[in-house]
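Heavy-atom basis, side chains included; hydrogens, waters and symmetry copies ignored. Each chain gets a letter, A, B and so on, in the order the sequences are listed, and its residues count up from 1. Just so it is clear, the model here is predicted, and its values are computed rather than measured.
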Amino acid sequence: GAGVSQSPSNKVTEKGKDVELRCDPISGHTALYWYRQSLGQGLEFLIYFQGNSAPDKSGLPSDRFSAERTGGSVSTLTIQRTQQEDSAVYLCASSLVGAGPGSPLHFGNGTRLTVT
Amino acid sequence: SQKIEQNSEALNIQEGKTATLTCNYTNYSPAYLQWYRQDPGRGPVFLLLIRENEKEKRKERLKVTFDTTLKQSLFHITASQPADSATYLCALEGFQKLVFGTGTRLLVSP
């Protein structure tokens with residue numbers, strides 16, 4: 001299909017290890033978002049990429065979190081020195097344009113991260 | 001502080017009835033508001049967009065209202081079916097990004 005693809009779907013890691021989560025957005029979508037969803041909680045905004053503009057990193061919870069988007073397509077979210085409170089589902093979404101005019105977000109099914 | 005509030009308690013209704021979900025917000029002035037559906041283990045799926053100059057929007061059995069004075073959106077599902085059981089999230093534009101509410105779980109029983 002042509003939807004947003006995230007990998008891995010599940011990741012179990014030990015506290016203190018680094019993890020990388022990958023997102024393949026829909027081809028041609030210029031905007032890409034990362035959100036985090038903890039059990040029973042809403043979606044917490046992490047970071048937003050729009051075209052060649054500087055990303056909006058205002059939602060990253062600490063400097064252990066970083067993300068990049070290569071070639072305006074694939075994005076990787078990296079969490080260094082993972083902590084148990086990082087356990088959550090990490091969702092990626094893409095849209096055709098930025099959040100201004102209300103373009104709907106297309107979400108992947110997320111990566112469930114468990115830090116033991 | 002800025003808040004988007006949805007009823008955290010699950011809404012239980014019988015098949016065939018109309019479900020009404022509420023989204024209230026404070027300290028935002030969104031140009032639009034969106035509603036999404038999320039099933040367990042899946043990412044949210046877009047349902048409807050309503051802009052600030054629109055009072056009401058319909059799509060099949062779905063209806064959304066948007067009252068910028070009350071700072072509230074209502075989401076209605078008419079003739080509800082068990083397949084409508086899911087969590088419904090509202091989202092609005094906040095400082096160039098989409099901000100989500102915590103969602104309301106809807107359970108439609110046969």
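Closest approach of A:Tyr35 to B:Leu98, counting heavy atoms only: OH-O, 2.6 Å. For the residue pair B:Pro44 and A:Leu91, the shortest heavy atom distance occurs at CD-CD1, 4.1 Å.
Using a distance-only test at 3.5 Å, with no hydrogens or angles considered, a donor-acceptor pair links the side chain of A:Asn109 to the main chain of B:Gly43.
In this structure the side chain of A:Phe107 reaches within 4.5 angstrom of the side chain of B:Tyr36, judged on heavy atoms.
A continuous path of ILVMFWY side-chain contacts below 4.5 Å connects B:Leu89 to B:Tyr32, so both sit in one hydrophobic cluster. Cluster membership check: B:Ile4 shares its hydrophobic cluster with B:Val64, using side-chain heavy-atom separations under 4.5 Å among Ile, Leu, Val, Met, Phe, Trp and Tyr. Linking Ile, Leu, Val, Met, Phe, Trp and Tyr whenever their side-chain heavy atoms come within less than 4.5 Å leaves B:Leu49 and B:Tyr28 in two separate clusters. Both B:Val99 and B:Leu48 sit in one connected hydrophobic cluster of ILVMFWY residues. Membership requires side-chain heavy atoms under 4.5 Å apart, directly or through other members.
Only the side chain of B:Gln38 comes within less than 4.5 Å of a heavy atom of chain A; its backbone N, CA, C and O stay farther away. Heavy atoms closer than 4.5 Å to chain B are found nowhere in A:Ser9, neither backbone nor side chain. If you measure heavy-atom distances from A:Glu44 to chain B, you find no contacts under 4.5 Å at all.
Atom CZ of B:Arg61 sits in a crowded spot, with more than 12 heavy atoms from other residues, nucleotides or ligands closer than 6.0 Å. The environment of CG in A:Asn52 is sparse: at most 12 heavy-atom neighbours from other residues, nucleotides or ligands sit within 6.0 Å.
A distance of 11.0 Å separates OG of A:Ser95 from CZ of B:Phe46, quoted to the nearest 0.5 Å.
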